[in-house]
Number of protein chains: 2
Amino acid sequence: MAPEADQPLSTPTGEPAWKQRAVERSTQAAKRRAEQRVERFLDAAQAIMAEKGTTDFTVQEVVDRSKQSLRSFYQHFDGKHELLLALFEDAMSKSAEELRALAAQQSDPLDRVRVVVQELFEISRPDLSARQRPLFSDFAMRLLVSHPAEMRVANAPLLALFTELMEELEEADLLRSGFTARRGAALTMQTVMFNAQSSGQEGAHPITAEEIWDYCANGFTMDAPTS
Amino acid sequence: MAPEADQPLSTPTGEPAWKQRAVERSTQAAKRRAEQRVERFLDAAQAIMAEKGTTDFTVQEVVDRSKQSLRSFYQHFDGKHELLLALFEDAMSKSAEELRALAAQQSDPLDRVRVVVQELFEISRPDLSARQRPLFSDFAMRLLVSHPAEMRVANAPLLALFTELMEELEEADLLRSGFTARRGAALTMQTVMFNAQSSGQEGAHPITAEEIWDYCANGFTMDAPTS
DNA sequence: CGGCAAGCCGCAGTAATGTTCTCACCATGG
DNA sequence: CCATGGTGAGAACATTACTGCGGCTTGCCG
């Protein structure tokens, strides 16, 4: 990593290389400190959410809990929204990893999709997991309507997992004819997550993980028609 | 309607019947006036939403637009939430009626479900109908997480329609074996509405009405297995 | 017609909360 | 050892939902 020849490319302003390196060294220490502070804000926010089971905490609470200052908070985050977004993206990619690990335990491609669908349904339902994952109910919904692009980014890891699983199905000729893996991945993922959201809203007949799997896999019509 | 014998039942306080009737006559005029005021608030709110394409208006805006007073607003509504809820319930039952009329134009039970699914999808997508129906994106999502019981009430008309259509399918033996009409109705309705919500979030490959119908009807697996 | 009760209005005021500003401080690096 | 920039503490600001109060209008009743 001594790309002196490349320096001109990265210093179009005419700064000498040594100066850049010196500045960078200073910068990196500061960066570490900054990252640590950000970490503390993140941890504090997560702890508060775990306690209150909602994203309706105040910025002040996070600041107090993290033993830092409001001033510092706004130096590291563009606002409360950015904080929540960071936590949400993190939670989503962690969940995607967990689900991927779960899928890996199954040998049959169809079983892989099944366990992922059922587990995603469980961790997405508000009544059971709101306390542990308020981001999935509260924040995800608001993000979907107010910042769909950011939602798409946050969903990417999970969507990738579903796409892989669907492609496996495709290769094993287990996908319905004329059905694209990409579309099926998005449709299934969203169907599972959102139906989980409104489970418990269904008065006396809450939907179960088995039912949602059955539905996604087979639809509701007889096994032949559709025109 | 001269149920004098029944009066004691409705006047346990001992008030004479004539007085009750007189009071009621006075009351009804006041009631009409009150309803008219409520109507004006409702209309103003709807107009503002149509212009701004969001539910993020202030109560003050509604008050100004309706040429009434803030004080009066809170005399007729418990708060902004109640206003939105009223508009939402109204929009939902109107949409349910429109969809029911649309279904009636089809003779085949499966076609009835299909047109309803496809049209519900279209009117629920945020990109096209946000301007006309911000309640369906904005408010519905928030209501789902913050007041699921109210959401259930608001959804009831639409759910009833889906249930009827599903029961028709059941009677015509077009429903998959071991599949309940009630569950299918809820699952399908929510799947359609929510997937519409996130359509357009799908970068370059937005889901279409045909695809969602295909998915709901048939799922993604081959036409035989599931174990 | 005169008065009264109810409703309505305008306006100021409260509360909650996200965000920014002021200013002193201090720690880090040169 | 000093200059710079991040930090802390708190005040200040902005927005918004909501409420209290006093006065005015309106419609009703005797």
Side-chain angles (χ1 to χ4, degrees), chain A residues 16 18-41 44-45 48-49 52 54-87 138-139 142-143 146-147, chain B residues 16 18-41 44-45 48-49 52 54-87 138-139 142-143 146-147:
Chain A
W18 64 265
K19 195 165 186 177
Q20 266 217 341
R21 265 177 276 136
V23 167
E24 196 161 319
R25 232 176 304 136
S26 301
T27 298
Q28 280 181 350
K31 194 182 227 175
R32 266 191 296 278
R33 258 174 293 144
E35 276 171 5
Q36 202 167 347
R37 283 178 181 276
V38 167
E39 230 7 86
R40 281 167 65 191
F41 284 124
I48 293 171
M49 278 194 307
K52 311 214 316 185
T54 177
T55 60
D56 282 346
F57 55 81
T58 70
V59 175
Q60 191 62 50
E61 283 177 289
V62 176
V63 166
D64 292 346
R65 177 77 156 238
S66 73
K67 304 259 200 254
Q68 293 175 107
S69 73
L70 202 57
R71 178 78 181 67
S72 209
F73 178 87
Y74 283 101
Q75 187 133 18
H76 295 295
F77 293 93
D78 259 5
K80 186 184 178 182
H81 177 79
E82 296 294 320
L83 171 74
L84 288 172
L85 185 61
L87 289 170
D138 250 44
F139 186 65
R142 265 181 296 145
L143 194 61
S146 65
H147 301 85
Chain B
W18 64 266
K19 196 164 187 178
Q20 266 216 343
R21 264 176 278 137
V23 167
E24 196 161 319
R25 232 176 303 136
S26 301
T27 298
Q28 280 182 350
K31 195 182 226 175
R32 264 191 298 278
R33 259 175 293 144
E35 275 170 6
Q36 201 169 345
R37 284 178 180 277
V38 167
E39 214 34 65
R40 279 166 67 191
F41 284 125
I48 293 171
M49 278 194 306
K52 313 215 314 184
T54 176
T55 60
D56 282 346
F57 54 81
T58 69
V59 175
Q60 191 62 50
E61 284 176 288
V62 176
V63 165
D64 293 346
R65 167 81 79 136
S66 74
K67 304 258 200 257
Q68 294 175 105
S69 74
L70 193 61
R71 205 63 195 74
S72 205
F73 177 87
Y74 283 102
Q75 192 143 357
H76 295 293
F77 293 93
D78 258 4
K80 187 185 178 182
H81 178 79
E82 297 294 320
L83 171 74
L84 289 172
L85 186 61
L87 289 170
D138 249 45
F139 186 66
R142 264 180 298 142
L143 195 61
S146 65
H147 301 84

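Residue numbers start from 1 in every chain, and the chains themselves are labelled A, B, ... in the order their sequence lines are given, proteins ahead of strands. As the structure is a computational prediction, the values presented were derived from the model and not from experiment.
Under the 4.5 Å side-chain criterion, counting only non-hydrogen atoms from C-beta, B:K31 is in contact with B:E35.
Residues passing the ring-ring contact (aromatic ring centres under 6.0 Å, His included) test with B:H147 are B:H81, sequence neighbours excluded. With sequence neighbours left out, A:Q60 forms a side-chain contact (heavy atoms from CB on, under 4.5 Å) with A:T58, A:V63, A:D64, A:L70. Applying the salt bridge (Lys or Arg N to Asp or Glu O under 4.0 Å) rule to B:R37 yields no partners; only residues at least two apart in sequence or on another chain are considered. Residues forming a salt bridge (Lys or Arg N to Asp or Glu O under 4.0 Å) with A:R40 (at least two apart in sequence, or on another chain): none.
One atom, CD of B:Q36, and another, P of D:dG27, lie 12 Å apart when rounded to the nearest Å. Atom P of nucleotide C:dT17 and atom CG of A:L84 are separated by 14 Å, given to the nearest angstrom. In this entry the distance linking CD of A:E61 with C1' of C:dG18 reads 13 Å, nearest Å. A:K31 places its NZ atom 19 Å from the C1' atom of C:dG29, with the value rounded to the nearest Å. In this structure, CD of A:Q68 is placed 16 Å from P of D:dG10, rounded to the nearest angstrom. Taking atom CZ of A:R33 as the reference point, atom P of D:dT7 lies 7 Å away to the nearest angstrom. Separating the CD atom of B:Q60 from the C1' atom of D:dA14 is a distance of 15 Å, rounded to the nearest angstrom. The interatomic distance linking B:R32 (CZ) with D:dT26 (C1') rounds to 16 Å, in whole Å.
Residues of residues 69-82 of chain B that place a heavy atom closer than 4.0 Å to DNA chain C, in numerical order, are B:S69, B:R71, B:S72, B:Q75, B:H76.
The phosphate of D:dG8 has OP1 or OP2 within less than 4.0 Å of a side-chain N or O from A:R37.
Between A:D56 and B:K67, it is B:K67 whose nearest contact on DNA chain C lies nearer the 5' terminus.
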Per-pair distances, 0.1 Å, donor-acceptor, side chain in residues 71-78 of chain A, under 3.5 Å, sequence neighbours excluded:
unit_1: A:R71; atom_1: NH1; unit_2: A:Q75; atom_2: OE1; d: 3.1

